[in-house]
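Lettering of chains follows the sequences in order, A, B, ..., and the numbering in each one begins at 1.
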Amino acid sequence: MSNTLLITRGKNWVEHTAMMQLKGLANLKGVVKAVGLPDLHAGKTPIGVAIVSEGIIYPHIIGNDIGCGMGLFNTGIERKRFKMDRWVTRLNHIRELADLETVNPYDEQSPIYDLGTIGSGNHFAEFQVLQEVFDPAEFEKLNISKDDLLLLIHSGSRGYGQSILREFSDPQGYLVGSMEAKCYLKKHRTALLWAERNRIVVANKLIDYLGYASQAATVIDCKHNFLEQKDHLFIHRKGAVSAEVGAVVIPGSRGSLTYIVRPTDKVEESAYSLSHGAGRKWARSLCKSRIRDKYDRDTIRETKLKSWIVCHDADLLFEEAPEAYKNIDMVIESLLEFGLIKIVAALKPVLTYKG
DNA sequence: ATGTGC
């Protein structure tokens, strides 16, 4: 009997390569269940998976960016204070976030050497506003209102996670109870802590840089690259979030809505996991040639939702274009069809910043 | 993904 499950509905396209990669992980020693979430796509290891194992752990499934995730913050800034032209100009002045002074508000020294940076690739900082409330009772628990300017930070443990993976990169995995497994789990825990702290530090740095005295209040923080022990099992989540820690934020691309959802009590089926986003549709290397002719240097920066992106990396603008991602609605509908979520609210991007 | 590999 197969130990593999793909959570998807008819219209949600999932590439064959990613499915093969998922089956590869399902066949690893000690793997008891392998779940592909609707945003499953191919990578060095597949992204959008929850892999449950017994007696052995596989750090390479988690990958280099241990603790990477989405932090949704209430900026304490009123939505009406947002002025597109002024904010774009101001953010354009940042060459790199590393150039701005970072204050480490924690007692310990950060193992992330460049704390306060978001990194590159698919990482971003995005100002958002409330678009629609679907479940008023659940929405009320979030402590946000239609007047609030929100900030979504996608980042992780930067070079620190990378250094941990280098130490524990054996694709054969490590036996639970071994010195190596214990050591990995300890460092992994530190990476999770500091990846979350990094999201908070970045959020506050941007709020401060834009001239506001308020502090970022965490609405939701959900990591999507991590290993969780559950009873005698280990759940490897790579591009997947836990469905057991309250509301979850599932963003689309910079040109689509972000959903706040509430997991249901049926999530055992998906290894207590949900999608982390829309998922890539196009490989990075294909993006530029496919859409270059459609845009000029300005129009590539605006979206259907009238949001804008500040980004000094010309290639990244194409690699991270909305077209490169799947339709978030297909992902959400797949999760709904399997009875795994209820939609709480939708947010709309207004301004994205990328490294 | 990456205080980036050749």
Side-chain angles (χ1 to χ4, degrees), chain A residues 17-18 21 25 37 39-49 51 58-71 94-104 109-126 152-171 184 187-188 190-192 194-199 201-202 205 222-227 236-241 251 253-254 275-287 311-321 324-325 352-355:
Chain A
T17 315
Q21 288 186 330
L25 297 185
L37 290 147
D39 54 340
L40 174 68
H41 59 284
K44 200 167 178 180
T45 61
I47 298 132
V49 301
I51 309 296
Y58 294 98
H60 79 289
I61 296 178
I62 308 303
N64 60 310
D65 199 359
I66 302 162
C68 185
M70 303 283 171
I94 307 174
R95 263 190 318 125
E96 292 182 57
L97 274 178
D99 295 341
L100 303 182
E101 192 198 357
T102 297
V103 179
N104 175 3
Q109 194 191 337
S110 170
I112 300 177
Y113 119 98
D114 48 0
L115 185 76
T117 63
I118 53 174
S120 185
N122 59 1
H123 290 170
F124 61 78
E126 187 168 87
L152 181 65
I153 305 289
H154 178 197
S155 188
S157 55
R158 312 290 286 107
Y160 181 54
Q162 171 95 316
S163 71
I164 298 171
L165 179 64
R166 261 199 300 270
E167 249 188 285
F168 300 95
S169 58
D170 189 345
Y184 173 77
K187 292 185 175 181
H188 162 277
T190 306
L192 298 191
W194 281 93
E196 180 171 352
R197 287 176 169 178
N198 189 40
R199 292 188 279 276
V201 169
V202 168
K205 201 163 146 174
C222 46
K223 50 191 176 285
H224 52 234
N225 295 345
F226 70 112
L227 189 47
H236 302 68
R237 294 194 182 89
K238 169 65 170 176
V241 301
S253 68
R254 71 175 184 249
S275 292
H276 80 314
R280 279 200 90 79
K281 186 170 67 184
W282 295 351
R284 289 179 180 281
S285 56
L286 299 174
C287 297
C311 174
H312 297 308
D313 183 334
D315 289 336
L316 209 50
L317 284 172
F318 290 96
E319 290 171 9
E320 294 292 320
Y325 283 85
T352 309
Y353 173 85
K354 283 180 75 76

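- At the heavy-atom level, A/R166 lies nowhere under 4.0 Å from the strands shown.
- Distance CG (A/D313) to C1' (B/dT2): 14 Å, rounded to an integer number of Å.
- When heavy atoms are screened at a 4.0 angstrom cut-off, A/G63 is found touching no nucleic acid atom at all.
- A straight line from CD1 of A/I164 to P of B/dT2 spans 14 Å, rounded to a whole angstrom.
- A/G119 comes within 4.0 angstrom of the backbone, heavy atoms only, and of no base.
- Rounded to a whole Å, the CG atom of A/D65 is 14 Å from the C1' atom of B/dT4.
- Atom-to-atom, CD of A/E96 to C1' of B/dT4 comes out at 13 Å; the value is rounded to the nearest Å.
- Taking atom CZ of A/R284 as the reference point, atom C1' of B/dT2 lies 12 Å away to the nearest angstrom.
- With rounding to whole Å, A/L165 atom CG is found 11 Å from B/dT2 atom C1'.
- Between A/E167 and A/K187, at least one side-chain N (NZ, or NE/NH1/NH2) sits under 4.0 Å from a carboxylate O, which counts as a salt bridge.
- Counting non-hydrogen atoms under 4.0 angstrom, A/S120 reaches the backbone sugars and phosphates but no base.
- Whole-Å rounding puts the A/L316 CG to B/dT4 P distance at 17 Å.
- For A/R254, the salt bridge (Lys or Arg N to Asp or Glu O under 4.0 Å) test picks out no residue, with sequence neighbours left out.
- Regarding A/Y160, its OH atom lies at a distance of 16 Å from the P atom of B/dT2, rounded to whole Å.
- When A/L115, A/I66, A/V201 are each tested for a side chain to side chain contact (heavy atoms under 4.5 Å, CB included) with A/W194, only one passes: A/L115.
- For A/D313, the salt bridge (Lys or Arg N to Asp or Glu O under 4.0 Å) criterion is met by no residue, not counting sequence neighbours.
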